[in-house]
Asks: 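Supplied in structure tokens, the structure appears directly below.
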Amino acid sequence: MSVHPLDQRIVAVKPIAVPAPGRGVELQVKVTAPLSGRDLPVIVFSHGNAWSLDGYGPLVDRWAEAGFVVVQPTHPDSRRNGIGWEDPRFADIWRVRISDLHAVLDHLGDILLQVDGLEGRVDRGRVAVVGHSWGAQTAGAVLGARVLDVDGVPGEDYSHPAVTAGALIAATGTGDTLTPFAVEHLPFMRPDYSTMTVPTLVVAGGKDRSRLSTRGPDWFTDAYHLAPSPKSLLTVADGEHTLGGVAGEAVAETTDEDPARVALVADAISAYLLDALKVDGTAWTALNATATNGTWSLSGK
């Protein structure tokens, strides 16, 4: 499946500094955009643990080729910042990650001005957030999901009014089956999806088994099953946690290298967001007409 001819020239500009008082480390973003076109929708993308604005090229470039402007922040847990599990700052990184996305959304106009001629070509009324792994939990919070405390009480509402659609790739499931390691180091990994009302595509791998939960691959479908409609679920039958290598070609943590699988994930998200943001529903309608081809399946509610 392809939602575009992949002949669109794109440009990337980095680093762009974003105001984030009290953060400790400067917040920097990368902007990737098509060189032509107007009324372009926006994706703000949250990376997985340890990554940075330099990752996820196979996804980001395809989204830009499909007509999106993609903004990628580097979160504090990036390898380049050297903040490990035992660092006292680590406990609050999940909140800083969410604040990073808010900062990007709040300063989007100033960010776009740093790319010559781009600001006037963007439709800032069509904004989505997307994330992978830890980034999916971060994006989920901006879409309306909350984090439960040890007593099961939902925490703060981190949703942002500028965001009207999203996609979560390999999103954390509920926290009732966390392994001892996750309980000790990632106690915030207790999402409550009952308040995530924004239209969202959930992407899950049928062979994604996490050391953070005692459940199997179905753990990564909770964001779909437990959130209110409208939601859609793309299940990639043989996909593991990196869904073929979404973070980059031949990166160390990829266990299921498959460029075609990455293209499927990228193009499905493009199709979904173009429809959800009311840009063009053609590709999403075509994908739903297929529903499954043996290697992936699509459902909705």
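Atoms considered below: every heavy atom in the structure, side chains included; atoms not considered: hydrogens, waters and symmetry mates. The model shown is predicted, which means the values in this text are computed figures rather than measured ones.
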Asks: Between Trp219 and Leu212, which heavy-atom pair has the shortest distance, and what is it?
Replies: CH2-CB, 4.2 Å
Asks: Please indicate whether Glu249 has more than 12 foreign heavy atoms, meaning atoms of other residues, nucleotides or ligands, lying under 6.0 Å from its CD.
Replies: no
Asks: If we only count heavy atoms from C-beta on, is the Ile43 to Val60 side-chain gap below 4.5 Å?
Replies: no
Asks: Between Tyr193 (side chain) and Asp222 (backbone), is there a donor-acceptor pair under 3.5 Å?
Replies: no
Asks: Applying side chain to side chain contact (heavy atoms under 4.5 Å, CB included), run through Val69 and Leu112 and close with a yes or a no.
Replies: CA-CA 9 Å; Val69 174; Leu112 297 173; 4.0 Å; yes
Asks: What's the spacing between Thr282 OG1 and Leu274 CG if we round to 0.5 Å?
Replies: 9.5 Å
Asks: Check Ala266 against Trp63 and note the closest heavy-atom contact, atom names and distance.
Replies: O-NE1, 3.0 Å
Asks: Return yes when atom CZ of Arg209 has more than 12 non-hydrogen atoms of other residues, nucleotides or ligands closer than 6.0 Å, and no otherwise.
Replies: no
Asks: Could you tell me the separation between the CG atom of Leu298 and the CH2 atom of Trp296, rounded to the nearest 0.5 Å?
Replies: 6.0 Å
Asks: Can Ser46 and His75 be said to form a side-chain hydrogen bond (donor to acceptor under 3.5 Å, both in side chains), step by step?
Replies: CA-CA 8 Å; Ser46 181; His75 295 304; 2.8 Å; yes
Asks: Strictly by modelled atom types, are His132 and Tyr56 linked by a side-chain donor-acceptor pair under 3.5 Å?
Replies: yes
Asks: What distance do Leu273 atom CG and Asp280 atom CG have between them, rounded to the nearest 0.5 Å?
Replies: 12.5 Å
Asks: For atom NZ of Lys301, is the number of surrounding heavy atoms from other residues, nucleotides or ligands below 6.0 Å larger than 12?
Replies: yes
Asks: Say whether, by atom type as modelled, one donor and one acceptor occur between the side chain of Lys231 and the main chain of Pro228 under 3.5 angstrom.
Replies: yes
Asks: Is any side-chain heavy atom of Ile10 closer than 4.5 Å to a side-chain heavy atom of Leu35?
Replies: no
Asks: With side chains defined as the heavy atoms from C-beta onward, is the minimum distance between Ile98 and Leu101 less than 4.5 Å?
Replies: no
Asks: Kindly determine whether Asp100 and Arg97 satisfy salt bridge (Lys or Arg N to Asp or Glu O under 4.0 Å), including the steps that lead there.
Replies: CA-CA 5 Å; Asp100 289 349; Arg97 279 174 147 267; over 6 Å; no
Asks: May I ask you to check whether over 12 heavy atoms, not counting those of Asp157, lie within 6.0 Å of atom CG?
Replies: yes
Asks: Can you confirm if the NZ or CZ of Arg211 lies within 45° of the ring axis of Phe181 and under 6.0 Å from the centre of its six-membered ring?
Replies: yes
Asks: Under the salt bridge (Lys or Arg N to Asp or Glu O under 4.0 Å) criterion, do Asp123 and Arg38 qualify, and how do the steps go?
Replies: CA-CA 8 Å; Asp123 184 349; Arg38 302 192 64 83; over 6 Å; no
Asks: Indicate whether the side chain of Arg215 and that of Thr177 have a donor and an acceptor atom separated by less than 3.5 Å.
Replies: no
Asks: Could you tell me how the ring of Phe90 sits relative to the ring of Trp134: parallel (under 30°), tilted (30 to 60°) or perpendicular (over 60°)?
Replies: tilted
Asks: Working to the nearest 0.5 angstrom, can you tell me the gap between Asp258 CG and Asp238 CG?
Replies: 8.5 Å
Asks: Could you check whether any side-chain N or O of Asp77 sits under 3.5 Å from a backbone N or O of Ala50, counting only pairs where one atom can act as donor and the other as acceptor?
Replies: yes
Asks: Between Thr138 and His47, is a side chain to side chain contact (heavy atoms under 4.5 Å, CB included) present by the stated rule, with each step listed?
Replies: CA-CA 9 Å; Thr138 305; His47 63 72; over 6 Å; no
Asks: Would you check if the side chain of Asn81 reaches a backbone N or O of Pro76 as a donor-acceptor pair within less than 3.5 Å?
Replies: yes
Asks: Under a 4.5 Å cut-off applied to non-hydrogen side-chain atoms, are Trp284 and Leu201 in contact?
Replies: yes
Asks: Please check if the side chain of Gln137 supplies one atom and the backbone of Phe188 the other of a donor-acceptor pair under 3.5 Å.
Replies: yes
Asks: Measure from the side-chain N and O atoms of Thr290 to the backbone N and O of Ala286, and report whether any donor-acceptor pair falls under 3.5 Å.
Replies: yes
Asks: So does Glu253 pair up with Arg79, basic N to acidic O under 4.0 Å?
Replies: yes
Asks: Please check if the side chain of Arg121 supplies one atom and the backbone of Ser36 the other of a donor-acceptor pair under 3.5 Å.
Replies: yes
Asks: Hey, mind stepping through Val70 and Val31 against side chain to side chain contact (heavy atoms under 4.5 Å, CB included) and telling me if it holds?
Replies: CA-CA 6 Å; Val70 186; Val31 175; over 6 Å; no
Asks: Assess, by modelled atom type and distance only, whether the side chains of His225 and Asp218 contain a donor and an acceptor separated by less than 3.5 Å.
Replies: no
Asks: Taking the side chain as every heavy atom from C-beta outward, state whether Arg80 and Asp54 have any pair of such atoms under 4.5 Å apart.
Replies: yes
Asks: Decide yes or no on side-chain hydrogen bond (donor to acceptor under 3.5 Å, both in side chains) for Ser133 and His241, but give the supporting numbers first.
Replies: CA-CA 8 Å; Ser133 193; His241 197 61; 2.8 Å; yes
Asks: Report the residues that fulfil side-chain hydrogen bond (donor to acceptor under 3.5 Å, both in side chains) with Asn288, sequence neighbours left out, ordered by chain and then residue number.
Replies: none
Asks: Under a 4.5 Å side-chain heavy-atom rule over Ile, Leu, Val, Met, Phe, Trp and Tyr, are Leu148 and Trp94 clustered together?
Replies: no
Asks: Contact between Lys14 and Thr32 at the side-chain level, heavy atoms closer than 4.5 Å - yes or no?
Replies: no
Asks: Trp51 and Gln72: side-chain donor and acceptor closer than 3.5 Å?
Replies: no
Asks: Indicate yes or no: at least one non-hydrogen side-chain atom of Leu226 is less than 4.5 angstrom from one of Ser194.
Replies: no
Asks: What distance separates Asn49 CG from Ser78 OG, expressed to the nearest 0.5 Å?
Replies: 9.5 Å
Asks: Salt-bridge test for Asp192 and Arg146: reply yes if a basic N is under 4.0 Å from a carboxylate O, no otherwise.
Replies: no
Asks: Calculate, to the nearest 0.5 Å, the distance between atoms CG and CD1 belonging to Leu59 and Ile169 respectively.
Replies: 5.0 Å
Asks: Check step by step if salt bridge (Lys or Arg N to Asp or Glu O under 4.0 Å) holds for Asp149 and Arg190.
Replies: CA-CA 8 Å; Asp149 66 16; Arg190 294 171 56 85; over 6 Å; no
Asks: Is there a donor-acceptor pair under 3.5 Å between the side chain of Thr195 and the backbone N or O of Gly144?
Replies: yes
Asks: Between Asp256 and Thr242, does any side-chain donor sit less than 3.5 Å from a side-chain acceptor?
Replies: yes
Asks: Side chain to side chain contact (heavy atoms under 4.5 Å, CB included), that's the test. Do Val163 and Leu143 meet it? Break it down for me.
Replies: CA-CA 7 Å; Val163 175; Leu143 292 167; 3.6 Å; yes
Asks: Search all heavy atoms of Arg62 against all heavy atoms of Ala263 and return the closest pair with its distance.
Replies: CZ-CB, 3.7 Å
Asks: Minimum heavy-atom separation for Ser270 to Ala66, with atom names?
Replies: OG-CB, 3.7 Å
Asks: So which heavy atom on Ala139 is nearest to which on Leu168, and how close?
Replies: CB-CD2, 3.8 Å
Asks: Are the side chains of Val127 and Leu105 in touch, meaning some heavy atoms are under 4.5 Å apart?
Replies: yes
Asks: Taking all heavy atoms of Arg126 and all of Leu277, pick out the closest pair and write down the distance.
Replies: NE-O, 2.6 Å
Asks: Determine, stepwise, if the pair Thr74 / Gln28 fulfils side-chain hydrogen bond (donor to acceptor under 3.5 Å, both in side chains).
Replies: CA-CA 6 Å; Thr74 294; Gln28 296 183 341; 5.9 Å; no
